[in-house]
Asks: 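Okay, here's the structure, questions in a sec.
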There are 2 protein chains.
Amino acid sequence: MGFLNYGPLTGYELKQGFDDSISHFWNANLSQIYPTLKEMEREGLITIQVEPQEARPPRKVCRITDAGREELRRWLRTPDDLPANRVPFLIKIFFGGNLAREELLDVVRHHLELHRERLEAYRGPGRAALDRWASATGLQREAFYWELTLEAGVKFEQAWVEWCEEAIKRIEAMEADTHENPGR
Amino acid sequence: MGFLNYGPLTGYELKQGFDDSISHFWNANLSQIYPTLKEMEREGLITIQVEPQEARPPRKVCRITDAGREELRRWLRTPDDLPANRVPFLIKIFFGGNLAREELLDVVRHHLELHRERLEAYRGPGRAALDRWASATGLQREAFYWELTLEAGVKFEQAWVEWCEEAIKRIEAMEADTHENPGR
DNA sequence: CAGGCCATGTAAATCGTTACATGATTAT
DNA sequence: ATAATCATGTAACGATTTACATGGCCTG
């Protein structure tokens, strides 16, 4: 939860930070955030200061401690294994022989559309949000890294789009050669 | 569990099917497979026939039913939303400003190495296994789809490798411009 | 006046991994 | 001897998602 290193935040604000920046490669929901914050307080990684408000639940402002900063840096330094990602779509392709040409093509076209949308979202609003954030906070060095992750997203979406386009061509070509074989 | 559509299998054999073909985008372990098989039997999607053996647990051979085949085809036809994949590595980059240049570079280099290995695994043993399977089973049409998924894997690993190489260059270049700023 | 924003949480359900348990046979 | 292969499962644990619960204020 390295967002706290940029400044004190409430759980609610933290959630927003997730949503507008890293939601595509790390997602969190509130019912997970609140217990985690409490636990991190117990471990001395953050402090929680309660600011009561009228007619509202009190804001609970979280601040990172020195111990928390150290723990964050420790975590950032430790390399990961590759995460095993489950991609149901690829299994559908793997067993694509069970569907008729058009059925499978529909699935691929749908997937292509989703990736195109996400690619545009990265290049348009995503980039815009990043620039806004960068100039609002003035965190130059940080913004460089945010950009790197955004470009990673762009790269993978491009790869997906290309693969889908290629796959559609290949499926159409392959099925033209073969005898029609709808049901099976 | 569309493997059963290729022929009857035991849970154990099924697990092997996962391991040598689709393990990188869908993984299963035995303690998950066995309960699932039982449930699918209850739902009438498969039948389980017990073949006792001496000095061994009995083989439980599973066969897909017509209802199972239909359910499989139904599942294959339904399009998915994009899965939200958690990539801890990218968060580390996102918050990379908290580390010194060399520390971050180590993390990226490690990641690059893993993706290079996986890329080679796909192109070498992965491809070989696919070819062996294809000629062993004679499932031509199916093999075409297996290949498509393998190529998807290759494509993404390439994208990763390229991104990592680019990122390393950019980080080195950027840090050269900037003042040394190790701790922070 | 309906829906979204602010702001907190608890409880239950689901999903997936890891550990435990057994036990003979075959290969190194 | 040691480890891997065959072959089944149960139990516990951990992580994640979804549903439930509250409630005023502001915008269209």
Side-chain angles (χ1 to χ4, degrees), chain A residues 1 3-4 7-20 22-43 46-63 75 80-88 90-91 129, chain B residues 1 3-4 7-20 22-43 46-63 75 80-89 91 129:
Chain A
M1 304 247 175
F3 278 115
L4 293 176
L9 291 170
T10 69
Y12 191 85
E13 290 162 342
L14 208 43
K15 158 79 171 158
Q16 294 172 326
F18 275 91
D19 289 350
D20 25 270
I22 58 175
S23 61
H24 284 307
F25 51 90
W26 194 282
N27 200 53
N29 47 33
L30 283 168
S31 45
Q32 197 180 352
I33 287 175
Y34 289 122
T36 309
L37 287 173
K38 269 188 188 163
E39 203 197 318
M40 296 198 333
E41 191 192 22
R42 261 195 295 107
E43 290 168 4
I46 61 172
T47 59
I48 299 183
Q49 196 181 338
V50 182
E51 295 178 5
Q53 301 180 108
E54 321 152 15
R56 288 262 172 111
R59 288 165 53 83
K60 301 203 171 172
V61 182
C62 305
R63 285 183 179 76
W75 182 77
D80 303 291
D81 288 345
L82 299 187
N85 36 359
R86 276 169 150 59
V87 187
L90 283 179
I91 308 174
Chain B
M1 304 245 174
F3 278 115
L4 293 176
L9 292 169
T10 68
Y12 191 84
E13 290 161 343
L14 209 42
K15 159 79 170 156
Q16 294 173 325
F18 275 91
D19 288 349
D20 23 272
I22 58 176
S23 59
H24 284 306
F25 50 90
W26 195 281
N27 199 53
N29 47 33
L30 282 168
S31 44
Q32 197 181 352
I33 287 174
Y34 288 122
T36 308
L37 286 173
K38 269 188 186 162
E39 204 198 318
M40 297 200 330
E41 191 192 20
R42 263 196 295 105
E43 290 169 5
I46 61 170
T47 59
I48 299 183
Q49 197 181 338
V50 183
E51 295 178 5
Q53 299 179 112
E54 320 151 16
R56 288 265 171 108
R59 288 165 53 84
K60 301 204 171 171
V61 181
C62 305
R63 287 182 178 77
W75 183 77
D80 302 291
D81 288 344
L82 299 189
N85 33 0
R86 274 169 151 59
V87 187
F89 170 71
I91 309 174

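This one's a predicted model, so the numbers in the text were calculated from it and none came from an experiment. Computation of the quantities below employed the complete heavy-atom set of this structure, encompassing side-chain atoms and omitting hydrogens, waters and symmetry-equivalent molecules. All chains are named by letter (A, B, ...) in the order of the sequence lines, taking the proteins before the strands, and each is independently numbered beginning at 1.
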Asks: Please find the pair of heavy atoms, one from Pro52(A) and one from Pro58(A), that lie closest to each other, and give the distance.
Replies: CA-CB, 3.9 Å

Asks: Looking at the side chain of Tyr12(A), which of dT8(C), dA7(D), dT16(D) is the nearest nucleotide?
Replies: dT8(C)

Asks: Given that Ala28(A) and Gln16(B) both sit by DNA chain D, which one's nearest nucleotide is further toward the 5' end?
Replies: Gln16(B)

Asks: Given side chains that start at C-beta, do those of Asn27(B) and Arg86(A) come closer than 4.5 Å, heavy atoms only?
Replies: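 Side-chain contact under 4.5 Å: yes.
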
Asks: Tell me: CD of Gln49(B) to C1' of dA7(D), nearest whole Å?
Replies: 17 Å

Asks: Looking only at non-hydrogen atoms, find the nearest pair between Gln53(B) and Pro57(B) and report the distance.
Replies: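 So the two residues come closest at NE2-O, 3.0 Å.
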
Asks: List every contact pair, protein side and nucleotides 18-25 of chain C side both N or O, where the distance is under 3.5 Å.
Replies:
from    : atom 1 : to       : atom 2 : distance (Å)
dT18(C) : O4     : Ser31(B) : OG     : 2.7

Asks: To the nearest angstrom, how far is Asn85(B) atom CG from dT16(D) atom C1'?
Replies: 15 Å

Asks: What does Glu13(A) touch in the nucleic acid at a heavy-atom separation under 4.0 angstrom: a base, only the sugar-phosphate, or nothing?
Replies: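 Since no nucleic acid heavy atom lies under 4.0 Å of Glu13(A), the category is nothing.
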
Asks: Using whole Å, report how far CZ of Arg86(B) lies from C1' of dT17(C).
Replies: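 It is 16 Å, rounded to the nearest whole Å.
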
Asks: Using a 4.0 Å heavy-atom cut-off across all strands, classify Pro58(A) as base, sugar-phosphate, or nothing.
Replies: sugar-phosphate

Asks: Measuring to OP1 and OP2 of dG9(D), would you say a side-chain N or O of Lys60(B) lies under 4.0 angstrom away?
Replies: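 Answer yes for this pair, as a side-chain N or O of Lys60(B) is under 4.0 Å from OP1 or OP2.
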
Asks: Quickly work out the Asn27(B) CG to dG16(C) P distance and round it to whole Å.
Replies: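 From Asn27(B) CG to dG16(C) P: 11 Å.
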
Asks: By the 4.0 Å heavy-atom rule, please label Gln53(B) as base, sugar-phosphate, or nothing.
Replies: sugar-phosphate

Asks: Tell me: CG of Leu9(B) to P of dA7(D), nearest whole Å?
Replies: 12 Å

Asks: Please report the distance, rounded to the nearest Å, between CG in Leu14(A) and C1' in dC6(C).
Replies: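 It works out to 15 Å between those atoms.
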
Asks: At their closest point, which heavy atom of Leu14(B) faces which heavy atom of Leu9(B), and how far apart are they?
Replies: CD1-CD1, 3.6 Å

Asks: Under the 3.5 angstrom rule, does the side chain of Lys15(B) hit a backbone N or O of Ala28(B) as a donor-acceptor pair?
Replies: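 Checked: pair present.
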
Asks: Please name the pair of heavy atoms, one in Trp26(A) and one in Pro88(B), separated by the smallest distance, quoted to 0.1 Å.
Replies: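 For Trp26(A) versus Pro88(B), the nearest heavy atoms are CZ3-CG, 4.1 Å.
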
Asks: In whole angstrom, give the distance that lies between atom CH2 of Trp26(A) and atom P of dA15(D).
Replies: 10 Å

Asks: So do Thr10(A) and Lys60(A) actually touch side chain to side chain, heavy atoms under 4.5 Å?
Replies: no

